[in-house]
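These values consider heavy atoms only, across backbone and side chains, with no hydrogens, waters or symmetry-generated copies.
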Amino acid sequence: MPPLSKLVLLLAVISVAGCDLSADLNPKTEPTQIYMSEFQGLDYRARPELQRLRESLKSIKNSGDLDGMGQAMIGLGQKHHSLGEQVMRLRVNNVDVDVVTYVKKFASRYREIGDLHAKAGQAAIDRDEATMNDLKPQLAQMQTWLNELQSEREKLFETLSTRYGGKEFNTVDYH
């Protein structure tokens with residue numbers, strides 16, 4: 001069989017088998033998968049500590065210890081801020097623009113949440129009720145921001161899977 005016929009036969013077999021050769025040949029497929037895996041790994045590994053810090057803060061709030069609550073909020077803020085910074089240090093080379101946009105938004109939100117916790121924590125330590133009252137609406141909004149980020153991430157996975165021929169980009173089971 002001539003080489004060209006073999007290539008045509010190979011492409012026909014790949015098409016029938018449901019493989020998307022264009023996704024495999026797209027130079028962004030693998031870098032995007034690797035980048036998303038690295039990003040998700042950072043996020044996944046930080047979640048238990050963030051949960052532990054949230055639970056600790058909740059326990060301290062119930063005890064009425066303002067200094068302890070302030071320190072716990074500052075610690076939680078530092079962890080959020082640190083995760084945002086780590087995510088931004090991931091190497092972006094030939095990665096899908098939608099992924100980069102999402103990850104930058106994630107990092108920005110986490111740094112913002114970190115800053116809010118730090119400010120609220122310091123206000124608790126300083127017994128600065130005015131600052132605490134000013135921050136309450138933003139602090140109350142944080143869970144909504146986190147839920148929105150998760151929803152956007154799930155939509156991004158669907159978009160990427162469609163864009164890259166059914167490839168899997170969600171490598172972490174968060175539940």
Check your understanding: Taking the side chain as C-beta and beyond, is there a heavy-atom pair between Met142 and His117 under 4.5 Å?
Key -> yes

Exercise for review: Kindly compute the distance separating CG (Leu66) from CE (Met73), expressed to the nearest 0.5 Å.
Suggested key: 10.5 Å

Exercise for review: Of all the heavy-atom pairs spanning Tyr110 and Leu50, show the shortest one and how long it is.
Suggested key: CE2-CD1, 4.1 Å

Exercise for review: For Ala120 and Met132, work out which heavy atoms get closest and say how close.
Suggested key: O-SD, 3.3 Å

Review point. Any ion pair linking Arg153 and Asp43 (charged N to carboxylate O, less than 4.0 Å)?
Key: yes

**Study point:** Spatial distance of atom CG (Asn93) from atom NZ (Lys28) [nearest 0.5 Å]
**Key:** 9.0 Å

Exercise for review: Answer yes if Leu53 and Ile125 sit in the same cluster of Ile, Leu, Val, Met, Phe, Trp and Tyr residues linked by side chain heavy atoms under 4.5 Å apart, and no otherwise.
Suggested key: no

Review point. Taking all atoms of both residues into account, what is the closest heavy-atom pair of Ala124 and Gly70, and its distance?
Key: CB-CA, 4.0 Å

Review point. Just wondering, do Val95 and Val92 contact through their side chains at under 4.5 Å, heavy atoms?
Key: yes

**Study point:** From CZ (Arg45) to CG (Leu83), nearest 0.5 Å
**Key:** 10.0 Å

**Study point:** Distance (rounded to the nearest 0.5 Å) between Tyr164 OH and Phe169 CZ
**Key:** 6.5 Å

Exercise for review: Run the numbers on Asn133 and Glu129 for side chain to side chain donor-acceptor pair (under 3.5 Å), then give the verdict.
Suggested key: CA-CA 6 Å; Asn133 286 331; Glu129 288 183 43; 5.2 Å; no

Practice item. State plainly whether one hydrophobic cluster holds both Leu139 and Ile74, where clusters connect Ile, Leu, Val, Met, Phe, Trp and Tyr through side-chain heavy atoms under 4.5 angstrom apart. Key: no

Exercise for review: Give the cluster check for Leu156 versus Ile34: same hydrophobic cluster or not, with ILVMFWY residues linked at side-chain heavy-atom distances below 4.5 Å.
Suggested key: no

Study note, to complete from the structure: What one should report as the nearest heavy-atom pair of Ala107 and Val87 is CB-CG1, 4.2 Å

Point to revise | Within 6.0 angstrom of Lys119 NZ, more than 12 heavy atoms from elsewhere | key: no

Check your understanding: Would you call Asp67 and Arg127 a salt bridge, taking side-chain N to carboxylate O under 4.0 Å as the test?
Key -> yes

Point to revise | Asp115 side, atom CG; Gln138 side, atom CD - distance, nearest 0.5 Å | key: 10.5 Å

Check your understanding: Looking only at heavy atoms, what is the nearest atom pair of Ile60 and Gly68, with distance?
Key -> CG2-C, 3.4 Å

Review point. Hey, are the side chains of Arg52 and Leu57 touching, using non-hydrogen atoms and a 4.5 Å cut-off?
Key: no

Review point. Is any side-chain N of the basic residue among Lys155 and Glu158 closer than 4.0 Å to the acidic one's carboxylate O?
Key: no

Point to revise | Donor-acceptor under 3.5 Å (Ser151 side chain, Asn147 main chain) | key: no

Practice item. Would you check if Lys104 and Met88 make a side-chain contact, meaning some heavy-atom pair closer than 4.5 Å? Key: yes

Point to revise | Within-4.5 Å side-chain heavy-atom neighbours: Tyr35 and Arg91 | key: no

Review point. Just wondering, do Leu135 and Leu116 contact through their side chains at under 4.5 Å, heavy atoms?
Key: yes

**Study point:** Thr32 and Asn94, any side-chain heavy atoms less than 4.5 Å apart
**Key:** no

Review point. Given side chains that start at C-beta, do those of Asn170 and Gln40 come closer than 4.5 Å, heavy atoms only?
Key: yes

Check your understanding: side-chain contact (heavy atoms from CB on, under 4.5 Å) between Arg111 and His80: does it pass, once the steps are laid out?
Key -> CA-CA 6 Å; Arg111 289 185 303 224; His80 276 94; over 6 Å; no

Check your understanding: To the nearest 0.5 Å, what is the distance between CD (Gln141) and CD1 (Ile113)?
Key -> 10.0 Å

Exercise for review: Decide, yes or no, whether a salt bridge links Lys105 with Glu152 under the criterion of side-chain N to carboxylate O below 4.0 Å.
Suggested key: yes

Exercise for review: Examine distances only and state if a side-chain atom of Gln78 and a backbone atom of Gly114 form a donor-acceptor pair shorter than 3.5 Å.
Suggested key: no

